[in-house]
Amino acid sequence: MNIAILNILNMAVTNLRGDLKNNWRQFAFLTNVSSAVFILTKNLSEKEYESLLSCKDDKTHYYFIIDISSEDKQANKKTIEIVKKMSEEPKVHFLKTSIRNVTELVRQIRQIFVKFYETPVSIQDLATAVSKHGIQVDENSLDCQKAKTKAISITSEIKNVSEFKGKAMYLQGNLWKDLSKIEKELCRMKNQGSTNINTYKRGLLRKCFDLHRTQYQCELPRSIRNYMNCLMIMNTVEREYFIRWMKFYLEIITRNSLSVLQAEHNEKFNELSKNPDELNQLYYKMSDSSLGVDHFLRELGQYYEAECCMVDGNQIKSNERQFSKLPGVAADLLLDGFPLELIDGDASNIPLKWITDVLKELNKKTEGRCRMRVITVLGVQSTGKSTLLNTMFGLQFPVASGRCTRGAFITLIKVKENLQKKLGCEFILVIDTEGLKAPEMASLEDSYEHDNELATLVVGLSDITIVNLAMENITEMKDILQIVVHAFLRMKEVGRKRNCFLVHQNVNDVSAFLNNRITRNKLLNELNDMTCIAAKMEKINLSLNFTDIITYHPDKHSWYIPGLWHGVPPMAPINSGYSENIFKLKKSLIELMKESGCPPPQNIDSFIEWIQSLWKAVKYETLIFNFRNILVAEAYEQLSTKYSELEWNFRKRVYSWVTEQENVIKNQPQSKLESIMAEILNNETSKLLDRQEAHMTEQLKYFLETGNNRMYLAERYRADFLSYVKCLRKNLEIIISNKCWEAVRIHSGKQEVQKIQECCQKFLEEKVNLHMKSQNLKLHDLSDSELKKEFESMWDQILSELQVGRLKKQRVDFEILEQLTKEMKNKDGAVQEKLQSIKSLKDYGQNLFEMNKSYVTIPWYSPKGVIEKINKGCYKKLSNIAKSLEYNCQSYVTDIINTGEDYNETYCQELLNMINYKLNDEEVRKLYPNVLFEVDLKLHILGRAAPQFQKMHDDFGMNNDPKLLMNRLKPQYFSIFKDKLHQKDESKVRAQAFCQQCLKPSICNYIFNQLGKEIMDDILNNSLTIRFNSQNHFHFSLLKELLETNRFEQYSEYIVHYESYVKKWIMKYIEKKYKNSKRLDQLVKKILSSIINKIQSALRDKNVQMSQSITEFFEMFRTILNKHLVISKNAVKVIIFQNTADIRLFSHNIDVLLAEMQEQIRLEMKSLSIEVLLSQLLVKPHIELFKKVIGCGKKCPFCNVPCEAGGDAHQEHFASAHRPKGLAEYTFSDNALSKTICSTAILSNGKFRNPDTEGKWHPYRDYRTVYPQWIILPERSITFSLYWKFVLAQFNYDFAKLYQANPAEIPEEWLTITKEQALGSLKEMYNIK
């Protein structure tokens, strides 16, 4: 039975489907409630006549329309008789016309309709009538009646919507709107004026709290309390009835209220159009006259938010809460399919605490199984957005209710189990938004800003955005599309490239898709132009197309939907083509969700994080540059961690390969070095780097594509990190070249020493051999003591005949001074004069470098006050730079000295390069250092290095003195001398000598070459040691330790001398980790085992075993181990000297002795202190760890916090959290330390000046024009900076004394921050859970 309501006449027409004789009960009901019943039939029987009489109602008129044109004459005759008989009955009529004469029939029916127009019937009264006929009515159920009664009791109080909302919904009125404005002002600081930023911010926070307290103190109105009780007490069925009855009655109330205002608008439009203020006031009344169940739930949400604020502010205890169960009730409503308001369109704000707690309850109720795909519809008002969603998913978003809904609503749709696996989710979350560019909203304040905020938020939350367009005219679509393009662009920049469907509604042409191909391409061109314009507006200096910011294909993602009605509603029939096309669109959406390229579904936690971070970014108005929520930060951190892991693997492989090549170089004669270097640098290096670069690139791409579900959020950083790989390759290529050429230089430099040693050894062996032959018989019978005495005499005589002097000694300080003078020959005359007057460097570098005010030269045209201000800032910064440079140069000198090699002028040149590189840095040049600063700093650093290099040179000369070297070989020659004379089997003795004199030193060097890398791997692969896996964990660990010790000296060193502090901290960590640990011994054993296996393999090699002589044996043996060990040729010559041992036996003896030697080396290594051992390592683990965690080394220009961006070649710098600027020596005009945090300052109206601005005042809001590479993020929360506030509050006077400034004015609330709160802030800072 269908019922159609004729709005024109307020008339209801019912239609009984099927044959009347099969539906007597329904017919009886219709006769009972209808004014007129029209019965269409071909014939009537006697039985039917009696049945009709039994159903006849005294108040109802019956009109028979009989078609007697059938061929059955007998039936026609019978029907005519019955008609005559029935016509005698009262209120029974027959229409005298043919049923086929439609025009005449319609005319007669219309006349009858008009006749009964004045007979009103209430539709609600029909429920009583239908029950009498035994037809079941849902409304008669106890649950429904109970819910109806409750709904009536609440809605009956509403006489005037505006007055009711003003009294019963007081919290969501001006209080909530004022709160919303203050929250935005906290982010934007537009009305700060000349007030101090910290004072202004504290004032705003206090106002927020006071408004929440006012809300909390408001008495809960009876209607709202009854509504809350109903939601909390009723069962699921009752609650569903209750919500529907509430909606039903509220829609009636709203419709009645709006109809009056609309009538007033229509009557007075011409008059009011001349008075915009009155017209706007009328629009405001219309906007304020909408009332729905969402307003009731919104009010409860405000009570909940106010209560939470009171709990957080320690105004009430947790057990005193009365609204704590509300989020669970709202979550139940969501699960039952009812919409939940996400954005309050009236206040243009989100009650974040309320929404997040509701979603958390939803997560609990689904036991964490709430993965979601999110679909949003955006479009102009009245384009059928809600109708589209209702048709597509069977939802119940309000349509044509007379309400002007504002904001956005979410509805949860349960996915059937057979589809969950294919779609990868359990729910689909649909977001329905208010119409953009609404005419009645256009006159309201900030309507355009509101539209942009709404579009940005919902696009950011969605996986798929449907842009609903109700026209094909491109010009009319521009406004809405511009808003959408801006939203898509912002999301692309924060790493969320979403899918977009453009749905063109009310397109009746069935061939619209084919006919509009040209229009679609034209539209795409328009969208491309809009994207370029939007990019410029968002300060993105890239040429972008629409398809660069969104996944959109003109043919696949453009849909043409016919109108819902065939003709003009309400009498027009429904267009079936509408539903059919909506179904096709739905299938397309489902198929898109199934595709592997579709982003993974969101869970509740990630959805909450996106809501919070996106809304915060929207409130800051600088979404692109300032957006980096926890999820994006986590994805970036994971990508950085993976890059760091792969970078170390790349470096480790290169370091291992370089060590092998250095060994190859050291094992080559001088004549082959050139060809070897050509092969290494021209061929092998490129092959290695190509292979490793390709592997690292492939691994990074694989990680991005197959990492965790949120890895797609780091997609925007893909190109950056892939470029970092290329940069790393270039850096390692330079390292390889430098290392190899350094090995060649050292090897070539030793040739003189090598030649002298070879000559001496040859001379010595000839003399010993000659003496043995001539004195063989005489010496044969001597005892060991007599033989030793004879050998001593012979040895002294040979050395006296050896004509060789000591190595030439250099005056290192003179050479360094000469090198410095040449390097600075192009400087002005004063510098040359100073350098010429210096005779020696011995008077330089003995004490710490002291700054002099004459080192800074400010441009003469700067104002006097500015010169003093800039000069002070430059002086302090240059002092810190000089100390840092001095530390780094000294570390380099220490590393060079530990190599044990001879001094070379390249070491001095490297120091000069380090100094020049730093002084030529743009940030240093902005400090106006003059040439006097440069020359004095170089003299100081070189003066300190000169005596250390001199001692290094002297030690090398002493250790390589020819006669001293010969004396070291004396015991071995005596052993050979004795064994030969006594004709003993010397195989074992020679093997012992080979192990001790040749293999052992080489193996020790091998351990030193490998142990650094093993320590690195051990630290990085230890699951308990995650502090070096990422910069976040490292900074957290370091700052946590500082907090635990809480000593000013450590904090000041960390802040002022960050890099040197970090290096020392890492070194101390390594020393502490391995000092009393068995782990280091295990690493040494692992390395020893590896090289011993290689040696044993070489000894058993077929070619080695088949050697014809000891000389050939050693040549083959050294060739196999060419890349691993550098065995001294001179030491081998002693073993070869008059060695007639059997090759196989000799090899076997070496093999047997290896175990003993291995244990001996292990014990010797174990006996070394950790400090000595670390100083001998080729790869310094503390330096490599420092490279992993230090980043690029750049610091915030305001607070000196170090950059935390991954990779070495990034173009933008950022940090997780910033500090009060006073910790970086920033002061106000009264010389008091600044307590302002730069992440707050950039939102203020304040200004700054420093050397970078040439002393000119510059707005903090435009800091990127001065520092374009720095992105300073606003604080995520109020508690985010508690750590550094705690530090400044604790050591305010200490820092003031250190910086020679006045203490900062610390707010009282800073003094109450506890260590526990500071630690919590630190965890929040670095997202440590």
Side-chain angles (χ1 to χ4, degrees), residues 172 176-177 180-181 183-184 187-188 287 290 294 298 339-352 354-355 374-386 388-389 397-398 403-411 429-470 477-492 494 496 498 500 503 530 534 537-538 550 607 610-624 627:
Q172 64 184 272
W176 173 226
K177 291 174 182 177
S180 301
K181 290 178 181 177
E183 285 179 7
K184 287 186 178 179
C187 300
R188 301 174 184 180
S287 173
S290 61
D294 49 291
R298 181 196 295 175
L340 173 71
E341 185 178 59
L342 175 64
I343 303 175
D344 177 355
D346 294 324
S348 293
N349 201 1
I350 299 177
L352 277 176
W354 165 247
I355 293 295
V374 185
I375 299 176
T376 288
V377 175
L378 279 173
V380 177
Q381 189 180 24
S382 301
T383 54
K385 301 183 301 300
S386 299
L388 184 147
L389 291 176
F397 287 119
R403 290 182 54 205
C404 177
T405 306
R406 300 188 67 187
F409 292 82
I410 57 175
T411 297
L429 186 83
V430 179
I431 305 179
D432 184 30
T433 62
E434 69 172 87
L436 305 179
K437 307 295 292 180
E440 64 270 28
M441 299 299 147
S443 59
L444 300 181
E445 186 180 357
D446 299 332
S447 63
Y448 185 78
E449 177 187 345
H450 168 74
D451 285 351
N452 275 282
E453 291 175 354
L454 176 68
T456 300
L457 180 73
V458 297
V459 166
L461 294 176
S462 305
D463 299 304
I464 300 172
T465 301
I466 301 173
V467 182
N468 202 45
L469 306 169
M477 290 191 291
K478 272 190 175 181
D479 282 349
I480 175 65
L481 289 176
Q482 280 179 342
I483 294 173
V484 174
V485 165
H486 271 273
F488 284 143
L489 178 64
R490 290 165 176 166
M491 288 310 102
K492 187 262 180 186
V494 299
R496 287 173 72 86
R498 313 323 253 152
C500 172
V503 176
M530 290 180 193
M537 292 175 67
E538 301 288 356
I550 202 75
F607 189 69
W610 276 111
I611 292 175
Q612 292 173 336
S613 54
L614 278 170
W615 186 241
K616 181 181 177 183
V618 164
K619 289 193 292 185
Y620 276 112
E621 292 187 311
T622 50
L623 186 137
I624 286 181
F627 184 85

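Remember, predicted model here, so these are calculated numbers, not experimental data.
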key: Working for side-chain hydrogen bond (donor to acceptor under 3.5 Å, both in side chains), residues Trp176 and Asn349   = CA-CA 9 Å; Trp176 173 226; Asn349 201 1; over 6 Å; no

task = Take Lys184 and Ser348 through the test side-chain contact (heavy atoms from CB on, under 4.5 Å) and record every step on the way to the result.
result = CA-CA 10 Å; Lys184 287 186 178 179; Ser348 293; 4.1 Å; yes

message = Is there a side-chain contact between Val374 and Val458 in this structure, where contact means two heavy atoms from C-beta onward sitting under 4.5 Å apart?
response = no

Within-4.5 Å side-chain heavy-atom neighbours: Leu352 and Trp615 = yes

request  = Evaluate the side-chain contact (heavy atoms from CB on, under 4.5 Å) criterion for residues Ser462 and Ile375: first the C-alpha distance (whole Å), next the side-chain angles of each, then the deciding distance (0.1 Å), finally the verdict.
outcome  = CA-CA 5 Å; Ser462 305; Ile375 299 176; over 6 Å; no

inquiry  = As a quick check of understanding, evaluate side-chain contact (heavy atoms from CB on, under 4.5 Å) for Phe409 and Leu340, giving each step before the final call.
reply    = CA-CA 5 Å; Phe409 292 82; Leu340 173 71; over 6 Å; no

task = Identify the two heavy atoms, one from Ile431 and one from Ala408, that lie closest to each other, and give their separation to 0.1 Å.
result = CG2-CB, 4.1 Å

Validation row: Phe607, Leu429 side chains within 4.5 angstrom (heavy atoms) = yes

key: Which residues share a side chain to side chain donor-acceptor pair (under 3.5 Å) with Gln172, sequence neighbours left out   = Arg298, Glu299

message = List the residues meeting side chain to side chain donor-acceptor pair (under 3.5 Å) with Thr433, not counting sequence neighbours, and say none if there are none.
response = none

task = Work out which heavy atom in Glu434 is nearest to a heavy atom in Gly345; give both atom names and the distance.
result = OE1-CA, 4.1 Å

key: pair Pro339-Asp432: side-chain heavy atoms closer than 4.5 Å   = no

message = Tell me every residue that passes ring pair (Phe, Tyr, Trp, His ring centres under 6.0 Å) with Trp354, counting only those two or more places apart in sequence or in another chain.
response = Tyr304

task = First locate atom OG of Ser290, then atom CG of Asp346, and finally report the distance between them rounded to the nearest 0.5 Å.
result = 6.0 Å

message = I want to check something: taking the side chain as every heavy atom from C-beta on, are Leu457 and Ile343 in contact at a cut-off of under 4.5 Å?
response = yes

ask   = Is Ile350 close to Ile355 at the side-chain level, that is, under 4.5 Å between some pair of heavy atoms?
value = yes

remark   = With sequence neighbours left out, the residues meeting side chain to side chain donor-acceptor pair (under 3.5 Å) with Thr411 are none

request  = Evaluate the criterion side-chain contact (heavy atoms from CB on, under 4.5 Å) for residue pair Leu614 and Leu461; output intermediate values, then yes/no.
outcome  = CA-CA 8 Å; Leu614 278 170; Leu461 294 176; 4.0 Å; yes

query = Considering only heavy atoms from C-beta outward, does the side chain of Leu378 approach that of Asn468 to under 4.5 Å?
reply = no

